[in-house]
Novice: 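Once you've had a glance at the structure underneath, I'll fire off some questions.
As a basis for the values below, the full set of heavy atoms in this structure was taken, side chains included, without hydrogen atoms, waters or symmetry mates. Quick caveat, the model's predicted, so the values are computed rather than measured.
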Amino acid sequence: MASRTHVSVDAVSPSQRLPAWHDLISTHVGRTPESFRLRDASHWEPLVGQTFSGSLEYGMLGGAGFCRLVATPHRFSRAMGARQEDIPSPLMLLMQQKGCALLEQDGRSAMLEPGDWCILDAAQPFVVDHPYGCDQIILTPPRPSDPALVDLIARTRASRCDGRTGSSRLVQTMVREAYGQFDRLPASTAKTLADAITALAWHAVQERFAAPGKDTVRDTQRNKFKAFIDKHLAEPGLCVEMVAQGCGCSVRTVHRAFANDALGSASEYIWQQRVAQCASDLKNPRHASRSLTDIAMQWGFSSSSHFSRVFRSSLGVSPKAYRAGS
């Protein structure tokens with residue numbers, strides 16, 4: 001049976017926690033040889049004015065790595081400092097447990113909510129923002145040899161799979177249950193389970209991006225409303241009434257669609273999205289010369305004071321302190 005190991009950086013001095021965290025993730029998630037870790041261009045950066053804290057629980061499910069990451073808000077970015085063919089980096093099936101994560105890879109971006117998952121390729125540059133903290137389960141399956149699967153992954157990595165419906169929900173359920181039991185399974189059972197999860201994940205990705213979804217009416221409505229919100233997020237007048245008018249339905253319909261959403265009501269979704277986008281821009285070097293007010297106004301806030309109140313309420317720190325990382 002596989003063992004389950006829990007490690008944390010909390011006992012390390014605050015100034016050494018990020019380097020220690022980098023080593024833990026590279027060793028136990030990426031299983032990266034030390035010779036490459038010395039050349040790895042990955043970068044961890046706390047996003048909120050507090051000391052970084054993180055814990056990692058890991059083991060193996062058959063031949064696949066299996067782990068759970070829990071950490072305070074931060075941004076992770078990985079650039080490539082070596083040729084791709086020289087990089088011993090895994091595919092990652094990344095499933096969101098709590099909060100949300102903003103991911104970017106290959107020019108695509110996605111926001112994962114609790115239960116959602118996606119495929120990331122650690123052999124390619126990517127960025128992940130955890131504006132509310134990180135709680136994720138990650139499975140690192142073997143890379144497929146089938147050219148069709150290789151092409152599918154290349155076209156769909158960093159694309160959100162809705163863990164509430166269809167095959168994607170089955171993947172989410174299997175990953176969650178397998179993580180709870182993997183250290184109690186015989187080796188042969190663990191390998192069979194890992195193979196089954198991986199095969200189902202490839203089928204779910206193919207279903208998601210090769211055929212129309214089979215969501216419920218409410219799921220379809222909520223996705224439509226979220227797409228409208230995301231498109232109009234920068235407009236100061238964006239509100240539930242505007243969403244309803246723009247989508248040709250009643251305000252009550254919008255409220256009903258968000259009744260069981262993991263991130264709350266439609267209004268809460270609007271403000272959480274705005275805060276998350278502002279948080280990402282505040283830590284992005286490309287926006288270092290822009291003022292806090294300029295960034296806030298770009299994402300639909302009507303005043304700097306309102307922006308500060310909402311930002312502090314969401315992340316527990318002022319935008320200025322957040323940007324400074326202090």
Side-chain angles (χ1 to χ4, degrees), residues 47 73 96 98-105 107-118 127-133 158-165 168 208-209 212-284 287 292-304 306-315 319 322:
L47 289 187
Q96 192 74 11
K98 298 177 183 178
C100 67
L102 304 172
L103 307 99
E104 298 178 16
Q105 186 169 55
R108 287 186 290 271
S109 62
M111 187 178 92
L112 301 188
E113 302 172 6
D116 293 342
W117 56 274
C118 75
V127 176
V128 183
D129 280 316
H130 300 284
Y132 306 107
S159 297
R160 169 181 172 267
C161 292
D162 186 346
R164 289 167 293 194
T165 60
S168 291
R208 167 71 176 81
F209 297 100
K214 298 180 180 180
D215 295 342
T216 66
V217 171
R218 183 165 294 184
D219 291 330
T220 301
Q221 287 179 330
R222 183 173 57 245
N223 291 336
K224 177 182 178 180
F225 299 150
K226 286 186 175 182
F228 182 90
I229 289 169
D230 293 344
K231 181 178 179 180
H232 297 275
L233 198 62
E235 298 180 26
L238 180 63
C239 60
V240 176
E241 289 75 11
M242 179 177 168
V243 175
Q245 183 177 9
C247 295
C249 64
S250 69
V251 170
R252 184 179 179 186
T253 298
V254 177
H255 286 309
R256 281 204 307 264
F258 279 85
N260 297 314
D261 190 65
L263 293 182
S265 68
S267 294
E268 289 171 327
Y269 179 80
I270 291 171
W271 293 115
Q272 288 175 7
Q273 284 289 83
R274 284 174 167 166
V275 168
Q277 293 291 349
C278 289
S280 180
D281 282 356
L282 287 173
K283 284 296 186 179
N284 191 327
H287 301 296
L292 300 178
T293 300
D294 184 36
I295 291 174
M297 296 299 184
Q298 178 188 346
W299 292 111
F301 287 93
S302 58
S303 70
S304 58
H306 180 228
F307 169 54
S308 295
R309 286 197 304 272
V310 175
F311 196 96
R312 184 184 288 275
S313 175
S314 296
L315 298 184
Y322 184 93

Novice: Quick check: do Leu282 and Pro319 have side-chain heavy atoms less than 4.5 Å from each other?
Specialist: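 Yes, close enough: below the 4.5 Å cut-off.
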Novice: Is the CD atom of Gln245 crowded by more than 12 outside heavy atoms at less than 6.0 Å?
Specialist: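 Count not over threshold, so no.
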Novice: So Leu112 and Arg160, do their side chains get closer than 4.5 Å, heavy atoms only?
Specialist: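 The answer is yes; the side chains approach within 4.5 Å.
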Novice: Please report the closest heavy-atom contact between Asp116 and Gly163, naming both atoms and the distance.
Specialist: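 Smallest interatomic distance, heavy atoms only, reads OD1-N, 3.2 Å.
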Novice: In the structure I gave you, are the side-chain heavy atoms of Lys226 and Met111 within less than 4.5 Å of one another anywhere?
Specialist: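 Sidechains of Met111 and Lys226: no contact.
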Novice: Short question: side chain of Asp162, backbone of Arg164 - any donor-acceptor pair under 3.5 Å?
Specialist: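 Checking the backbone N and O of Arg164 against the side chain of Asp162, a donor-acceptor pair under 3.5 Å is found.
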Novice: Could you report the tightest heavy-atom contact between Ser302 and Met297, atom names first, then the distance?
Specialist: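 Taking every non-hydrogen atom into account, O-CE, 3.5 Å.
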Novice: Could you report the tightest heavy-atom contact between Phe301 and Trp271, atom names first, then the distance?
Specialist: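 For Phe301 versus Trp271, the nearest heavy atoms are CE2-CZ3, 3.5 Å.
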Novice: Rounded to the nearest 0.5 Å, what separation is found between the CG atom of Asn284 and the CD atom of Gln277?
Specialist: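 So the CG of Asn284 and the CD of Gln277 are separated by 11.0 Å.
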Novice: Donor-acceptor check, side chain of Ser308 to backbone of Ser304, threshold 3.5 angstrom: yes or no?
Specialist: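 Answer holds: yes.
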Novice: Check Ser168 against Trp117 and note the closest heavy-atom contact, atom names and distance.
Specialist: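 Minimum heavy-atom contact is O-NE1, 3.0 Å.
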Novice: Rounded to the nearest 0.5 Å, what separates atom OG in Ser267 from atom NE2 in His255?
Specialist: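 Result: 6.5 Å between the selected atoms.
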Novice: Just verifying a value: how many Å separate Lys224 NZ and Cys249 SG, rounded to the nearest 0.5 Å?
Specialist: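 Lys224 atom NZ to Cys249 atom SG measures 6.5 Å (nearest 0.5 Å).
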Novice: Of all the heavy-atom pairs spanning Gln298 and Ala234, show the shortest one and how long it is.
Specialist: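 The answer is O-CB, 2.9 Å.
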Novice: Can you see which heavy atom on Ala244 is nearest to which on Val251, and at what distance?
Specialist: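 Minimum heavy-atom contact is CB-N, 3.7 Å.
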Novice: In terms of the angle between their ring planes, are Phe258 and Tyr269 parallel, tilted or perpendicular, with boundaries placed at 30° and 60°?
Specialist: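 The rings of Phe258 and Tyr269 sit tilted, inter-plane angle from 30° to 60°.
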Novice: To the closest 0.5 Å, what do you measure between CG (Leu103) and CD (Gln96)?
Specialist: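 Answer for the CG-CD pair, Leu103 versus Gln96, is 8.0 Å.
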Novice: Would a 4.5 Å heavy-atom cut-off, applied to side chains only, mark Glu235 and Met242 as touching?
Specialist: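 Counting from C-beta outward, Glu235 and Met242 do come under 4.5 Å.
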Novice: Within the side chain of Tyr322, is there an N or O that forms a donor-acceptor pair under 3.5 Å with the backbone of Phe311?
Specialist: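 Not confirmed, Tyr322 side chain does not pair with Phe311 backbone.
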Novice: Answer yes or no: is there a side-chain heavy-atom contact under 4.5 Å between Phe307 and Thr293?
Specialist: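 No; the side chains remain at least 4.5 Å from each other.
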Novice: Going by heavy atoms in the side chains, are Ser280 and Pro131 under 4.5 Å from each other?
Specialist: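 Contact flag for Ser280/Pro131 side chains = no.
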Novice: CG of Leu102 to OH of Tyr132: how many Å apart, nearest 0.5 Å?
Specialist: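 Nearest 0.5 Å value for the CG-OH distance: 8.5 Å.
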